[in-house]
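Remember, predicted model here, so these are calculated numbers, not experimental data. Computed from heavy atoms alone, side chains included, the values below leave out hydrogens, waters and symmetry copies.
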Amino acid sequence: MNENPPLNEKISLVVLDMAGTTVADGGLVERAFDAAAQRLGVEPGSAGHAEKLAYVRATMGESKISVFRHLFGDEDAAQRANKAFEEAYGELVDGGLIAPVPGAREAIEALQEAGRTVVLTTGFARVTQDAILDALGWRDLVGLTLCPADAGGRGRPYPDMVLAALLRTGAADDVRQIAVAGDTAYDMLTGRRAGAGIVAGVLTGAQDTARLTEAGATHVLGSVAELPSLAGVI
């Protein structure tokens, strides 16, 4: 008797990143950062701007307020930068500049139809997450969506949002029954730190196979559309 069935047969909770993983935003994070930086007096083309933009790129997937705390030091400046960023990103979303990653909605629906619970997570604030969901018509696509504030305030690379998804849904008996998917190294670190059985990197966003693998990906997929097959659904 096989007492250790294949891992994909055990997956019952799937925690997905949004921008770059299920949502194609075409580099809107950098455009919104430009707006935020200018609001705080950082001129495009300056050495300070280039240094800060490099940090934003290196920390894709992290909670945005955490990024701005690092970049601008004091809390007041970080909050002002984050507010400007969220406003700028929201305006770009409202302008129709995002779209689902091809096959993402179908993958989510296939997972749910097979009895898996799917949770969508983000490093953005709730207001921006909701704007994305509304723009895509995804408000009712899944039963639970989480931002860092919903999990105590810490975003990626901490495991908090994945563990909050488990606690809020009760969808798994063991953290190894969780699959995490994202497009950044921070997504991979989050999945690893949460003990997820599958930590899948996708190549539709910020980082390449080498970076995702280095950060702990158990699998690297062309896109989230391949996740149902990996999870044993199709």
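Between the side chain of Thr121 and the backbone N or O of Leu16, at least one donor-acceptor pair lies under 3.5 Å. Between the side chain of Gln129 and the main chain of Leu146, a donor-acceptor pair closer than 3.5 Å is present. Judged by distance alone, the side chain of Gln207 and the main-chain N or O of Ala185 form a donor-acceptor pair under 3.5 Å. Panel note: side chain Ser46, backbone Glu43; a donor-acceptor pair is recorded below 3.5 Å. A donor-acceptor pair is defined here as one N or O able to donate and one able to accept, closer than 3.5 Å; no such pair exists between the side chain of Glu51 and the backbone of Ala47. Side-chain atoms of Arg116 come within 3.5 Å of backbone N or O of Ala114 as a donor-acceptor pair.
Side-chain contact between Val202 and Glu226 is absent, with no heavy atoms from C-beta onward closer than 4.5 Å. Using a 4.5 Å heavy-atom cutoff, the side chains of Arg80 and Asp76 are in contact. Proximity of Arg154 to Pro148: side-chain heavy atoms (C-beta onward) are nowhere separated by under 4.5 Å. Side-chain atoms of Val15 and Leu120, non-hydrogen and from C-beta on, never get closer than 4.5 Å to each other. Under the 4.5 Å side-chain criterion, counting only non-hydrogen atoms from C-beta, Tyr55 is in contact with Glu62. At a threshold of 4.5 Å between non-hydrogen side-chain atoms, the residues Leu141 and Glu109 count as touching. Proximity of Leu133 to Met18: side-chain heavy atoms (C-beta onward) are separated by under 4.5 Å at one or more points. Proximity of Thr204 to Val224: side-chain heavy atoms (C-beta onward) are nowhere separated by under 4.5 Å.
Test Thr59, Thr190, Asp187, Thr122 against Arg156 for side chain to side chain donor-acceptor pair (under 3.5 Å) and you get one pass: Asp187.
Atom-to-atom distance recorded for Asp25:CG and Glu30:CD is 9.5 Å, nearest 0.5 angstrom. One distance of note links OG1 of Thr213 with CG of Asp208; it measures 8.5 Å at 0.5 Å rounding. With rounding to the nearest 0.5 Å, the separation of OH in Tyr186 from OG in Ser66 is 9.5 Å. Between atom CG of residue Leu144 and atom OG1 of residue Thr117 there is a gap of 9.5 Å, rounded to the nearest 0.5 Å. Distance check: Gln79 CD to Arg69 CZ gives 6.0 Å after rounding to the nearest 0.5 Å. Between atom CD1 of residue Ile198 and atom NE2 of residue His219 there is a gap of 5.5 Å, rounded to the nearest 0.5 Å.
Heavy atoms only, all atoms of each residue included: Val118 and Gln112 are closest at CG2-CG, 3.8 Å. Of all the heavy atoms in Ala78 and Ile65, the pair that sits closest is O-CD1, 3.7 Å. Summarising the geometry of Ala135 relative to Val93, their closest heavy-atom pair is CB-CG1, 3.7 Å, with the distance given to 0.1 Å. The nearest pair of heavy atoms linking Arg193 to Pro159 is C-CB, 3.8 Å. Nearest heavy-atom pair across Thr22 and Asp17 is OG1-O, 3.1 Å. What you find for Ala37 and His49 is that their closest heavy atoms are CB-CD2, 4.3 Å.
The number of heavy-atom neighbours closer than 6.0 Å to CG of Asp174, taken from other residues, nucleotides and ligands shown, is above 12. Within 6.0 Å of atom CZ in Phe72, more than 12 heavy atoms from other residues, nucleotides or ligands are found, so the atom counts as buried in its surroundings.
A salt bridge links Arg39 to Glu87: one of the charged nitrogens lies within less than 4.0 Å of a carboxylate oxygen. Salt-bridge check for Arg139 with Asp130: passed, with a basic side-chain N closer than 4.0 Å to an acidic carboxylate O. Between Lys64 and Glu86 no salt bridge is recorded (no basic side-chain N to carboxylate O distance below 4.0 Å).
Both Leu71 and Met60 belong to a common hydrophobic cluster when Ile, Leu, Val, Met, Phe, Trp and Tyr are linked at side-chain heavy-atom distances under 4.5 angstrom. Under the 4.5 Å side-chain heavy-atom criterion for grouping Ile, Leu, Val, Met, Phe, Trp and Tyr, Val14 is not connected to Val220 through any hydrophobic cluster. Tracing side-chain contacts under 4.5 Å through hydrophobic residues (I, L, V, M, F, W, Y), one never reaches Val119 starting from Val101; they form parts of separate clusters. Residues Ile108 and Leu227 share a single hydrophobic cluster, defined by chaining ILVMFWY side chains whose heavy atoms lie under 4.5 Å apart. Put simply, Val67 and Val42 are part of the same group of oily side chains (I, L, V, M, F, W, Y) that touch within less than 4.5 Å, one to the next.
Taking the six-membered ring where the residue is Trp, Tyr89 and Phe124 present tilted rings, their angle falling between 30° and 60°.
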Show, in sequence, the C-alpha distance, side-chain angles and deciding distance for Leu136 and Ile98, and conclude whether the side-chain contact (heavy atoms from CB on, under 4.5 Å) test is met.
CA-CA 8 Å; Leu136 298 178; Ile98 62 167; 4.1 Å; yes

Any chance you could lay out the side-chain contact (heavy atoms from CB on, under 4.5 Å) test for Leu166 and Val162, step after step, and finish with the verdict?
CA-CA 6 Å; Leu166 172 60; Val162 174; over 6 Å; no

Using side-chain contact (heavy atoms from CB on, under 4.5 Å), reason through Ile132 and Val23 one step at a time and then give a plain yes or no.
CA-CA 9 Å; Ile132 295 170; Val23 180; 4.1 Å; yes

Using the rule given for side-chain contact (heavy atoms from CB on, under 4.5 Å), can you reason through Asp183 versus Leu203, listing the C-alpha separation, both sets of side-chain angles and the distance that settles it, and then say yes or no?
CA-CA 6 Å; Asp183 67 302; Leu203 299 176; over 6 Å; no

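Under the 3.5 Å distance criterion, with hydrogens and angles disregarded, a donor-acceptor pair is assigned to the side chains of Thr145 and Arg126.
Ring-centre distance between Phe33 and Phe85: not below the 6.0 Å cut-off.
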